[in-house]
Number of protein chains: 2
Amino acid sequence: MRSAEFDKVAVLRAAMQAFLNKGYTKTSMQDLKQATGLHPGSIYCAFENKRGLLLAAISQYNQDRSDEFCAFFINSDSSKQGLETYLEHIVEECLSCDSSKACLLTKALNELAEQDDEVQTLISQQLEAWQSAITDKFARAQNEGDISDSRSAECRGRYFVMGIYGLRTFANTHPEPDTLKKLAKQLFKDVCA
Amino acid sequence: MRSAEFDKVAVLRAAMQAFLNKGYTKTSMQDLKQATGLHPGSIYCAFENKRGLLLAAISQYNQDRSDEFCAFFINSDSSKQGLETYLEHIVEECLSCDSSKACLLTKALNELAEQDDEVQTLISQQLEAWQSAITDKFARAQNEGDISDSRSAECRGRYFVMGIYGLRTFANTHPEPDTLKKLAKQLFKDVCA
DNA sequence: GCCCTATTTGAATGATCGTTCAAGAACTTT
DNA sequence: AAAGTTCTTGAACGATCATTCAAATAGGGC
């Protein structure tokens, strides 16, 4: 046996950047070759086809974002504080100039959901897990006494997720720091009320 | 002179449906021929190229949605009530099964913004006008005494728009009527507080 | 009713797309 | 060190894409 020469995670991260730049359809195999450094044949050998590379890149993206999310809550005894910092982090991300300010999950879902059930299902599950993780933090914050029980954690989690979706889209046309920060602040206030 | 034989508005509405179904890139000229009933040559004669047809379809879409928005406020002396009904209407739209539940403006912006400055500019202006119209209704509602002056109309307009963006995206993975209606209700409560 | 001009038609064009495959290169095992 | 197996390479393939254009068609002005 001879093992592949390339770093699979690095290739997937390069691919997700390429998909974020141009979208799935407009990203050609030539673009992917340039971004990943892999020749077409190697891509087909490792991921079956272009769509397989997208699916793998999406899963890697989800893994990375999930790890990133968890990092906001280790070494912290306040879940509410962690959620607030996480939201601020997302705002900073929206203000970034490169194309990684978008979320690959929602971007791919928007582009392919109506045409590809497998992509739709995969992304839906991942977004569901993300929402579930957020809901869990709200439940913890309620247990910690930082947020009241007047509304359920599920209710707050949904609203928070909706707000992040909205912030990301809003940032496309209004990338002004003050506006976004103010919106996020209001969102966090409302979701904790 | 000989005038064109087709109904331009009908063609543009058919084109926007096609673009909503598959997205701009994946909608082929064959799809557009089938959707509009126009042969390629006629499309190029009337709209210059595929991109020109998209730009025209976007403008028509914006016109239609703008008219629709205004209809919620004629024969009504309560701007606040109009906004609430409008939001309920958007929720109903999100629950629709066909692909017209998406917004062509945000869909096209997501797909093409990073690659086409003219599309980006056109859509940004139209979304700005929409936000401005909403802000104006909040200002009226404040004048009418239905909403307090504790926050500016601009602030409320931005938040409302952000919430609608969020609702639309959220509906992609959670098309459950009760959940969406509850989210919209909470949004309206928060934006009016 | 006839000519002129603009529109409609649909086949043809060149480019680019995702994908395949046979040959060459390199690592592992013996 | 040689053989065997797997990965890599990049040219070639058919399909499909947006676009063009010359011929056919049909309305408006006289």
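Chain letters run A, B, ... following the sequence lines, proteins first, then strands; residues in each count from 1. Atoms considered below: every heavy atom in the structure, side chains included; atoms not considered: hydrogens, waters and symmetry mates.
Cation-pi geometry between K50(A) and Y44(A) is not satisfied (NZ or CZ under 6.0 Å from the ring centre, within 45° of the ring normal). Taking the ring centre of F73(A) as origin, the terminal cationic atom of K137(A) falls inside the region bounded by 6.0 Å and 45° from the ring axis.
Side-chain N/O atoms of N62(B) and S59(B) include no donor and acceptor closer than 3.5 Å.
Atom CG of L38(A) is separated from atom P of dT9(D) by 8 Å (rounded to the nearest Å). Computed from coordinates, the L32(B) CG to dA18(D) P distance equals 8 Å when rounded to whole Å. Atom NZ of K33(B) is separated from atom P of dT16(D) by 15 Å (rounded to the nearest Å). Rounding to whole angstrom units, NZ of residue K26(B) and P of dC17(C) are separated by 14 Å. Atom C1' of nucleotide dT16(C) and atom CD of Q30(A) are separated by 9 Å, given to the nearest angstrom. Distance NZ (K22(B)) to P (dT16(D)): 12 Å, rounded to an integer number of Å.
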Just the atom pairs and distances: protein N or O near nucleotides 19-21 of chain C's N or O, under 3.5 Å.
{"from": "dT19(C)", "atom 1": "OP2", "to": "Y44(A)", "atom 2": "OH", "distance (Å)": "2.3"}
{"from": "dT19(C)", "atom 1": "OP2", "to": "K50(A)", "atom 2": "N", "distance (Å)": "3.1"}
{"from": "dT19(C)", "atom 1": "O5'", "to": "Y44(A)", "atom 2": "OH", "distance (Å)": "2.7"}

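Counting only distance, with no hydrogens or angles, the side chain of Q142(B) and the backbone of S148(B) share a donor-acceptor pair below 3.5 Å.
Annotation for C155(B) and K182(A): closest pair SG-CE, 4.0 Å, computed over non-hydrogen atoms.
OP1 and OP2 of dT8(C) both lie 4.0 Å or more from every side-chain N or O belonging to H39(B).
Aromatic pair Y165(A)/Y165(B): ring centres not closer than 6.0 Å.
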